[in-house]
There are 2 protein chains.
Amino acid sequence: MSDYAIGLVGWGTVGGGVLNILQQDGTLLKERCNLNVRLKAIVTRNPDRARDQKPGSAVVGSDLALITDDPEIKTVLHLVGGTTAAKDIAIACLRAGKHVVTANKALLAEHWDELFAVAKETGHTIAFEAAVAGGIPVIAALRDGLVANDIRGIYSILNGTCNYILSRMTQDGMGYDEALGLAKDLGYAESDPTLDVNGTDTAHKLAILAQIAFNTNVPFCAVHIEGIENISADDIESAQRLDSTIKLLGVAKRCPAGVELRVAPTLVPNSNPLAHVNANYNAVRIMANNAGPTLLVGQGAGALPTASAVLSDLIDIAVGSYQRTAEYFRFFAGGEPSTILPEEDEFTASYARFRVKDEPGVLAQMTATLSKHGVSLRAVHQGEPDADSTAEIEVTTHPTRGGAFLSAVKEIDQAGITVQPTVCLRRLDEG
Amino acid sequence: MSDYAIGLVGWGTVGGGVLNILQQDGTLLKERCNLNVRLKAIVTRNPDRARDQKPGSAVVGSDLALITDDPEIKTVLHLVGGTTAAKDIAIACLRAGKHVVTANKALLAEHWDELFAVAKETGHTIAFEAAVAGGIPVIAALRDGLVANDIRGIYSILNGTCNYILSRMTQDGMGYDEALGLAKDLGYAESDPTLDVNGTDTAHKLAILAQIAFNTNVPFCAVHIEGIENISADDIESAQRLDSTIKLLGVAKRCPAGVELRVAPTLVPNSNPLAHVNANYNAVRIMANNAGPTLLVGQGAGALPTASAVLSDLIDIAVGSYQRTAEYFRFFAGGEPSTILPEEDEFTASYARFRVKDEPGVLAQMTATLSKHGVSLRAVHQGEPDADSTAEIEVTTHPTRGGAFLSAVKEIDQAGITVQPTVCLRRLDEG
C-alpha cells in the first residue's frame, strides 16, 4: 500500500464532494488500487466558515504555502473558479513541484498555452477530466480510447443548466423564465446563470474537447457562441412539429478548410440520440472514422460527479500513468492554432420561421429568394393563417454555407414579405 | 519521435482492421503522440492465403518465433480466437518478454487467473480494451474514469448480433429466423452464430466487466446464461404492449449477499435509454454511486471499431502508461472469487405471459398463487378471449426473489389453469 499525500485548494461544492468521496470511499480506493490517498492540507479563502463537513486530519488555512511548502504533497486538487487568482494558484503549485488536477474549464480554455508551458518547464502536469462533462470520462475517451481515430466531429450537450431548462420547456411546456426559476430552485442553475445560459460555459468545454480531438491549438475567442436566452415557447413547439428537439449544442467539426466550432441552440432530429438526453444530463457524441459514432451520457456537473472525475485524474497521476501520457501527447503543448472558419463559411443545416402576410405569391417569392442564394430546402411547413391575416412558414434546409442562408433570410426580411424578424436556428445534420 | 516495433498474431477480420488503420492513420498516431508504430511481423496460420491487403514492411509467416525471437518487438497484438492455442500463444509472448494486447474475451473470461499470473511473473502485461464492446472505451471508463465509485450495477447490451436480430424483430416485425438470416447476409452474424445467440459471448464480456467493477474474481462458469433463440414474435409484441423493448441484457449487480451475474433476454422499459439502442450497437450503462448513471454507446464489433480499441491499448502500453495501471490495480491479480448468487436468490423484476382457459375465477386463482409466493404485481393485462376460448394474461412484477416467482409460475402451470407452458422473461427494474 502506497501512501499518497495531496492538497486541496478550494473548499466549495466540488471540493466538498472530493472530501465526501475520500471519507466515504477511501477504503474502496485502497482496495482497488493499493493507494492510501491522504488529504494533508485544505487551502480556502474562508477557513473559519461554519461547514457541515469535517476536514479529517487535513490542516485548513488560507495560505497556499500550507501546500506549496509541504514537500510531501505531490498533487494539488485545484478546485477554484475564475481565471485570475486561479491561474496564479495553478502556476504556483506547478512551480512548487506539484501536479495539478483542475475542474476549471474557463481557466484551461483561456490560458491553455501559458499553463502547459509552465507545466512543461517544471516537469509537472495538469489533469482536467473534471473540466468537461463532469462525471463522464470523456477526456480520456477522446484522448486515449479513440487515439487511433480521425475525429470528424463532436456534437455535445455540455451544460446541464441549459439542458434542464430546455427539457422543462419541451416536456412541460414551461416558458424560459419559469424553467430557469425551477433550475435555480433545484440547484441546477447558479444565482447568476449568465455564463451558463449564454453559451460561454459550453464553449469553454468545447474548446478543450476540440483541442484534444483535432490535436491543435484552439483559440477560445474564435468559438461562435449563441445562448438559449431567446428561445421561446414558439420555437420549442415549432421544433416539435418538425419531429425535433431544441438542444444547446456544442459542435466541433473538421472541414477541409478548417475547423467549425460553435455553440448554438439547435434543432436536433428526434432520430438522433442527443435529442433524448434530457434533464440536467450531459452527452458527447463523437464521430470517429474507425470506431464509428460513440455516445457518452452522464452527469455533467454537481459535487459528486465532478469530484469523481477529479479523483480519477488524481489516481491516474498517483500511479504514474498520466505523466507518461502527458509526455507523449502533443496536444498538451498547444502548438499552431487551427483555422476556425468564420460563421458565414460554416456548412450547416438551418431552420427558419417566417411570419408572412397571407397573400398570394408569398411562398413563391420566399422560396425563389432562398433558391437564388443556393439554399436547398429540406422541408417546408405553412400553417393556417391567423386572425390577423398573417401566417407562419417554417423551413428546414439541407446543409448550406451559413452566409448564403443568412443573406437569403436578410433579403426576405428586407423585401417586406415578413411582418416580424425571422427566427433562425441551426439544425443538426451529421450528414 | 519514438520508434515502437510490434508484432501481430492473427490476420483475420480484426488483424486486417489493425493493418488498415496503421496504413491509413499511422501519420495521425505520429502527429498525436509522437510514436512511430512499426509492424515488424505478422504471424498467421495461412501466410500464403491470397488477401486484399499488403503487409507493408512486415514479414509474414506461420512461426511464432518470428515475433518471440525478435528482441525489437515490444508488444504483440494477439488477435486469434479460441482458448487453447490462443492461450499458449499469449503465454509464449509474455514469456518472450512482450506485452500482449488481446481482443479475445473467451480467453480472458475463462483463463484470467492463469494469464495474469504469467503476466505478473514475467513483469509484462495484458491489455484488453477490445475484448468488451469493441470501439467503446468501456474498460478504461470503468477502471480509471470511475475508479472513485462504488459500482452498484452494470446493465449492458454487449452482442451486436443479438441486438441486430431483436431490433429487426421489434422494428420490422420479422421472425427470429428471418432476422438471423439478414444478420448473416449483412455480416453481423457468423455462419455459426451459436455462441452469440445463446448468450455465451455476452457472458464472457460481462464477466470481464464485473471483474473490474467489483474488483473481484468472477468465475465465468457461475454466470447465468439464457440466449435469444426462443424469443418469438409474440414476446416482442407483448413487450411493445407493455411499453418495453426486449434486449439481451448482461446484468452485473452487487447485492448485500453477493453478486448477481446474468445474461438473459429482458423487457427494458422504453423510459430506459437502453431500450433505444438498436441495430448492431452495443451499450453499457453503469450505475456508479458518485458519478451517477453513465451510459456508453457505440460499435461493439467489426474490424475497424475493434482495431481502434486494440490500438488504443497499444498506445497506452507504448507510452508506458498501462504498465503503471497494471502495477497498482488489484483486479489484474484475480484474487478471492466473489459469491455469485444462485438464480433463485436473484432479486429481479419479471414478466410472464399465461395462456389460460377463459373461465370465471382464473385470474383470481392466478393472482392468489402469485401473492401466496410473495410476488408483488406491477401490472396485469388480460386480452380478449380467442376463438378457442383461451385468453392471454400478461403480468409484470416488482423486484422479487427469483425463486419465488418461478415457484409461483410452476404452481400455476401445474394447477391446470394454463393451457400451454407459461413464458417467463426478466424485466429491467434498476430500482
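In this text, all values refer to a predicted model and were calculated from it rather than measured experimentally.
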Nearest heavy atoms of B:Ser312 and A:Val147, plus distance in Å: CA-CG1, 3.8 Å
Expected output: side-chain A:Asn290 to main-chain B:Leu304 donor-acceptor under 3.5 Å: no
Per-residue contact mode, B:Ala326 against chain A (heavy atom under 4.5 angstrom): neither
Give me the atom names and distance for the closest heavy-atom approach of B:Leu29 to A:Ala148. CD2-CA, 4.0 Å
Quick one: which of B:Asn34, B:Asp313, B:Leu311 has the most heavy-atom pairs under 4.5 Å with chain A, could you say? B:Asn34
Side chain, backbone, both or neither: which part of B:Ala303 has a heavy atom under 4.5 Å from chain A? neither
Engaged part of B:Leu35 at the chain A interface, taking heavy atoms whose separation is under 4.5 Å: side chain
May I ask you to test the B:Pro273-A:Val297 pair for a side-chain heavy-atom distance under 4.5 Å? no
Interface check, chain A: of B:Arg143, B:Glu327, B:Glu31, B:His276, most non-hydrogen pairs under 4.5 Å belong to B:Glu31
Ignoring hydrogens and geometry, is there a side-chain-to-backbone donor-acceptor pair from A:Arg32 to B:Asn215 under 3.5 Å? no
Top residue by heavy-atom pair count (under 4.5 Å) with chain A, among B:Gly298, B:Gly292, B:Gly135, B:Pro293? B:Pro293
To the nearest 0.5 Å, how far apart are CG in B:Leu28 and CG in A:Asn149? 8.0 Å
Assert top hit (heavy-atom pairs under 4.5 Å, partner chain A, pool B:Ile139, B:Ile286, B:Asp25) equals B:Asp25
Contact summary for A:Arg330 and B:Lys30, nearest pair of heavy atoms: NH2-O, 3.6 Å
Part of B:Leu296 within contact of chain A (heavy atom distance under 4.5 Å): both
Check each atom of B:Ala141 against the heavy atoms of chain A and say whether the ones under 4.5 Å are side chain, backbone, both or neither. both
Most contacts with chain B, counted as non-hydrogen pairs under 4.5 angstrom, among A:Gly145, A:Pro305, A:Ser321: A:Ser321
Bottom line for B:Glu129: the part with an atom under 4.5 Å from chain A's heavy atoms is neither
Quick check for you: among B:Thr306, B:Asp316, B:Asp150, which has the greatest number of heavy-atom pairs under 4.5 Å with chain A? B:Asp150
Does any backbone or side-chain atom of A:Ala130 lie under 4.5 Å from a heavy atom of chain B? Answer side chain, backbone, both or neither. neither
Heavy-atom cut-off 4.5 Å, strictly under: side chain, backbone, both or neither for B:Pro137 against chain A? side chain
Go through the atoms of B:Ser2 and report whether side chain, backbone, both or neither lie under 4.5 Å from a heavy atom of chain A. side chain
Option in A:Gly302, A:Gly26, A:Ala291, A:Ala318 with maximal non-hydrogen atom pairs under 4.5 Å from chain B: A:Ala291
Check: B:Tyr322 and A:Asp144 side chains under 4.5 Å, non-hydrogen atoms: no
Rounded distance [0.5 Å steps], CZ in A:Phe332 versus SG in B:Cys33: 11.0 Å
